Number of protein chains: 4
Amino acid sequence: MYPKFSSLEPEKKENIINAAIKEFARSGYDRASTNEIVKEANIAKGSLFSYFHSKKELYVFLLNYIVEFIDKIYDELDWNETDIFQRLKEIAVIKFKIYRKFPRAFDFLKALAQENAPEVKSEIDNRMKKAVLDNGSARIYRNIDVTKFRDDIDIQKAINIIHWTALSFAEQQSNNINSYEDSDVEQLREWDNYLDLMKRCFYKKEENA
Amino acid sequence: MYPKFSSLEPEKKENIINAAIKEFARSGYDRASTNEIVKEANIAKGSLFSYFHSKKELYVFLLNYIVEFIDKIYDELDWNETDIFQRLKEIAVIKFKIYRKFPRAFDFLKALAQENAPEVKSEIDNRMKKAVLDNGSARIYRNIDVTKFRDDIDIQKAINIIHWTALSFAEQQSNNINSYEDSDVEQLREWDNYLDLMKRCFYKKEENA
Amino acid sequence: MYPKFSSLEPEKKENIINAAIKEFARSGYDRASTNEIVKEANIAKGSLFSYFHSKKELYVFLLNYIVEFIDKIYDELDWNETDIFQRLKEIAVIKFKIYRKFPRAFDFLKALAQENAPEVKSEIDNRMKKAVLDNGSARIYRNIDVTKFRDDIDIQKAINIIHWTALSFAEQQSNNINSYEDSDVEQLREWDNYLDLMKRCFYKKEENA
Amino acid sequence: MYPKFSSLEPEKKENIINAAIKEFARSGYDRASTNEIVKEANIAKGSLFSYFHSKKELYVFLLNYIVEFIDKIYDELDWNETDIFQRLKEIAVIKFKIYRKFPRAFDFLKALAQENAPEVKSEIDNRMKKAVLDNGSARIYRNIDVTKFRDDIDIQKAINIIHWTALSFAEQQSNNINSYEDSDVEQLREWDNYLDLMKRCFYKKEENA
DNA sequence: TATGAATGAGTCTTCATTCAT
DNA sequence: GATGAATGAAGACTCATTCAT
């Protein structure tokens, strides 16, 4: 895949990736300008199209690149932790780590989720089915100890509710642009509150003892 | 407002509205092609721009048209019902009514929420502040009897979770394109299950007796 | 010529003529909008094009209409006056009369002279060859007593210089927008000075005695 | 300024300049068609807009280009010559030089002076204030020996008459399209006659001795 | 006859993609 | 391989002219 691009100097590759992420995140697939990307990356127009044969190919490459990058970081998680709420607590911490290291990645992912351009819509959907950020069957929810849930509820539905809450909360928070320093801490505390609430409601009484 | 368009024959108006909704829903504001719209609506290029003076005006018209259309249907709701789950049950029924009468409306609304084009972004935000479809403080959640909720949870957070679940479930379902007849019934039954689950978990024991 | 238009009520005709003159004078042939004209004249678009089959026909009609209108006023001149400078003095007075009565006419004529649109350029040139405003062979310079000119100069050339001076002076003055009351008087006095200068230079000594 | 255009091959540049001058001179700013220009210049639509970012930029470029071109040629004039008629004789020769090298330039300048389009009106006015082609106070009439004029006339008025005669004569000649070879010579001789006439009339007797 | 909505060729401008150097 | 100028289809929008009512 992308042999010409792969054999470039790492620094040049990074320049191109950063320039492209920046532009796609800012403008979405349609509006993103390849002119802007080559200018930012300091390469020739023709070069970009020799590495990636089309705007679409470049976009799909970035999509995979970022998803893999995030997947790698998720490997740090303690996958032996079987409590779903504990795991989601850790995930929140990890997300902040990614964010601090690579803030544009999430911008791109957010733009991804809102992408309407038909050329890339299906690619996104395909890729996302396997991704960490997708629905309840993803690896985030593997090896969860389901015995802790109340017996009178459908566990898969409960997990879906938890998942949707996590996604919606994250989106809500990212829409509040907070520049002050300790916003992380506050957001994490708020998220803990949501997790506690759900734990109290969805787990058996004795689990909340 | 839009006097020329308003005085068109209803069928022609509907053609144009449907063609425009279809195109905007498929491609978003920017990429949507007025050429495509006039072709689909079977009118001349000049006609579209005599009804609406710009692409933006057409978009804003649709935005208001659909929001008002949905608002009107929402008036059918029994707003004296104070049980949140009962109300969401009724809302689900109403949504299906809208969907059957005007299937593209929700597609457009979904695209709306994801719209990034700066030309229309602020229009969307302004209009949506008053809309039914907005966040948990909207009229859907007015007059809710909060005394039914368990005393040990934050009620606003619980309502948020319920709201996010409703939105996410609806989106999930609309992504499953079901053409067979009775899918409504099945989807409503599934939604009832979610509501029951949340009721059982978030309400006081005696409310579920 | 223009039978449909001719048989209209005089008031309606005048409305249309005034509206058209105004628009053509303001914007030139190309930019002039038939929409603007019908709006100002309070008639339907289709009517305009049934009176005049095209924008061009309307323009040519106006051209002839105004030239004839001005020709008629020129009939007031004392054509027995054979002194060229005396005649030009009277013409200046008459021009102010026309201007006061029908200010748009000169605007239109000025726009005429600057018209570039190829559709009407040749029409203008043709018409103007016969017109009062054109070159030295026009009726303004008929019956002039050429014996007053110095014997050592080419009289036709002298007349051309006088003519060009008249045209250029008029244009210069009309470019100075003077709203204060007595600008007429001042402009006429200045013009007299030019006439005196040329008389002193182009006539025999004894004529200036 | 216009770096992309500047670095084109001279022949290509000339093609574009000629095509653009031709079209603007023929139709004025508004009606001039960029389609026509690219067709005539044998370049792609996109190319024109990569050299000049808009129709207006192209127009302003031409405006400056031609004015500078003419200014440069005017530098050849013997500015120590203080006799106004001698100077105007030399200027006529120079104008023919320009005309032979760059025949469309004067057409463009003529159209320029008549241009009404608001997009470029102010640009034209700004540029023309400094230009050689402007009114009687321009450098053409600097350093003129006014003592040669008759004492009994207003010198500024006399200069105005001379200036207006020069402009009007030039316009009259350029309207007579003469393709036969020796028309220059004839036109220059005719112009000399005009100059002689005015010299004889406006100068003191002893200057004509 | 009068109307004005409908028409569609034409306007300037953009930008992903190609290809000669 | 790298370059970036050249391409031209497609974009939104205008307006003189036509024609069904």
Side-chain angles (χ1 to χ4, degrees), chain A residues 4 7-8 12 29-39 42-59 119, chain B residues 3-5 7-9 12 27 29-39 42-58 119, chain C residues 4 7-8 12 29-39 42-59 119, chain D residues 3-5 7-9 12 29-38 42-58 119:
Chain A
K4 280 192 188 166
S7 51
L8 252 40
K12 195 170 186 179
Y29 179 78
D30 275 332
R31 286 194 158 232
S33 159
T34 52
N35 280 331
E36 216 48 50
I37 293 171
V38 299
K39 211 194 299 172
N42 253 320
I43 58 168
K45 197 80 184 283
S47 299
L48 185 66
F49 281 87
S50 84
Y51 307 146
F52 307 99
H53 299 74
S54 69
K55 190 183 183 179
K56 182 180 167 180
E57 239 185 71
L58 168 59
Y59 190 84
E119 293 97 321
Chain B
K4 276 196 188 163
F5 181 73
S7 51
L8 251 39
E9 299 170 28
K12 195 169 186 180
S27 311
Y29 177 78
D30 269 331
R31 169 164 283 249
S33 162
T34 53
N35 283 334
E36 218 47 51
I37 293 172
V38 299
K39 211 194 296 168
N42 251 317
I43 59 170
K45 200 76 196 281
S47 297
L48 183 66
F49 283 90
S50 86
Y51 307 144
F52 306 99
H53 298 72
S54 67
K55 188 183 182 180
K56 184 181 169 181
E57 231 184 78
L58 168 59
E119 293 99 319
Chain C
K4 278 192 189 166
S7 52
L8 252 39
K12 196 169 184 178
Y29 178 78
D30 274 333
R31 284 195 159 232
S33 159
T34 53
N35 280 330
E36 216 49 49
I37 293 171
V38 299
K39 212 196 294 172
N42 251 320
I43 58 168
K45 197 82 185 281
S47 299
L48 185 67
F49 282 88
S50 84
Y51 308 145
F52 308 99
H53 298 75
S54 69
K55 190 183 182 180
K56 182 181 168 181
E57 240 185 68
L58 168 59
Y59 189 85
E119 294 97 321
Chain D
K4 275 196 187 165
F5 181 74
S7 51
L8 250 40
E9 300 170 27
K12 195 170 185 177
Y29 177 78
D30 268 333
R31 172 165 281 252
S33 163
T34 52
N35 283 333
E36 220 46 53
I37 294 171
V38 299
N42 252 320
I43 58 170
K45 200 76 196 284
S47 297
L48 183 65
F49 284 89
S50 87
Y51 306 145
F52 307 99
H53 299 71
S54 67
K55 188 182 181 181
K56 183 181 168 181
E57 233 184 76
L58 168 59
E119 292 97 319

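Just so it is clear, the model here is predicted, and its values are computed rather than measured. Just so we're on the same page: letters track the sequence lines, and every chain starts at 1.
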S.K.: Among all residues two or more places apart in sequence or in another chain, which pass the ring pair (Phe, Tyr, Trp, His ring centres under 6.0 Å) test with C/Tyr59?
M.R.: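 Per chain and number, C/Tyr59 pairs via ring pair (Phe, Tyr, Trp, His ring centres under 6.0 Å) with C/Phe24, C/Tyr29, C/Phe108.
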S.K.: Can you see which heavy atom on A/Asn35 is nearest to which on A/Val38, and at what distance?
M.R.: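 Scanning both residues completely, I find the closest heavy atoms to be O-CG2, 3.1 Å.
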S.K.: From NZ of B/Lys4 over to P of E/dG4, roughly how many Å is that when rounded to an integer?
M.R.: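 In whole Å, E/dG4 P lies 10 Å from B/Lys4 NZ.
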S.K.: Please work out which residues in residues 43-53 of chain B have a non-hydrogen atom less than 4.0 Å from an atom of DNA chain E and list them by number.
M.R.: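 Those residues whose heavy atoms fall under 4.0 Å from DNA chain E, taken from residues 43-53 of chain B in numerical order, are B/Ile43, B/Ala44, B/Lys45, B/Gly46, B/Ser47, B/Tyr51.
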S.K.: May I ask you to say what D/Lys12 touches in the nucleic acid, namely base, sugar-phosphate or nothing, with a heavy-atom cut-off under 4.0 Å?
M.R.: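 Touches sugar-phosphate only.
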S.K.: Which atom pair, heavy atoms only, marks the closest approach of D/Lys56 to D/Glu119?
M.R.: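 For D/Lys56 versus D/Glu119, the nearest heavy atoms are CE-O, 3.2 Å.
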S.K.: Select from C/Asn35 and B/Tyr29 the residue whose nearest nucleotide in DNA chain F is closer to the 5' end of that strand.
M.R.: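 By nearest-heavy-atom nucleotide position, the 5'-most residue is B/Tyr29.
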S.K.: State the dot-bracket string of DNA chain E. Criteria: Watson-Crick or G-U wobble, both atom distances under 3.5 angstrom; notation: ( ) intrastrand, [ ] crossing earlier pairs, | interstrand, . unpaired.
M.R.: .||||||||||||||||||||
S.K.: Taking ring pair (Phe, Tyr, Trp, His ring centres under 6.0 Å) as the test, write out the residues that go with C/Phe52, two or more places apart.
M.R.: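 If we apply the ring pair (Phe, Tyr, Trp, His ring centres under 6.0 Å) test to C/Phe52, skipping adjacent residues, the hits are C/Tyr2, C/Phe5, C/Phe61.
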S.K.: Can you name the closest pair of heavy atoms from B/Ser27 and B/Ala32 and give their distance?
M.R.: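 Heavy atoms of B/Ser27 and B/Ala32 come nearest at CB-N, 3.7 Å.
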S.K.: Measure from CG on B/Asn42 to P on E/dG8 and round the result to the nearest Å.
M.R.: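 Between P of E/dG8 and CG of B/Asn42: 11 Å.
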S.K.: Before you tell me yes or no, could you show the steps for A/Ile37 and A/Leu58 under side-chain contact (heavy atoms from CB on, under 4.5 Å), namely the whole-Å CA-CA distance, both residues' side-chain angles and the distance that decides it to 0.1 Å?
M.R.: CA-CA 11 Å; A/Ile37 293 171; A/Leu58 168 59; 4.0 Å; yes
S.K.: Minimum heavy-atom separation for C/Lys4 and C/Leu8, please, with both atom names.
M.R.: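 Minimum heavy-atom contact is O-CD1, 3.5 Å.
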S.K.: Taking atom C1' of E/dA16 as reference, at what distance in whole Å does atom CD of A/Glu57 sit?
M.R.: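 Checked: the CD to C1' distance equals 14 Å.
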S.K.: Under 4.0 Å from a heavy atom of chain D: give me the 5'-most and 3'-most nucleotides of DNA chain F that qualify.
M.R.: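 Result: F/dA5 to F/dG8.
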S.K.: Nearest 0.5 Å, what's the OG1-CZ distance between B/Thr34 and B/Phe49?
M.R.: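 The CZ atom of B/Phe49 is 4.0 Å from OG1 of B/Thr34, to the nearest 0.5 Å.
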S.K.: Between E/dC12 and D/Thr34, is there an OP1 or OP2 to side-chain N/O distance shorter than 4.0 Å?
M.R.: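 For E/dC12, OP1 or OP2 has a side-chain N or O of D/Thr34 closer than 4.0 Å.
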S.K.: Taking only residues two or more places apart in sequence, or in another chain, which ones meet A/Glu57 in a salt bridge (charged side-chain N to carboxylate O under 4.0 Å, His left out)?
M.R.: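 Testing A/Glu57 for salt bridge (charged side-chain N to carboxylate O under 4.0 Å, His left out), a comparison that skips the adjacent residues, returns none.
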S.K.: Specify the closest pair of heavy atoms between A/Asp30 and A/Lys55, including all atoms of both residues, with the distance to one decimal.
M.R.: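 Of all heavy-atom pairs spanning A/Asp30 and A/Lys55, the closest is O-NZ, 3.0 Å.
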S.K.: How do C/Lys55 and B/Arg31 order along DNA chain F: which one's closest nucleotide is nearer the 5' end?
M.R.: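 Nearest nucleotide further toward 5': that of B/Arg31.
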S.K.: Rounded to whole Å, please give me the gap between CG in A/Leu58 and P in E/dC15.
M.R.: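 For the pair A/Leu58 CG and E/dC15 P, the rounded distance is 16 Å.
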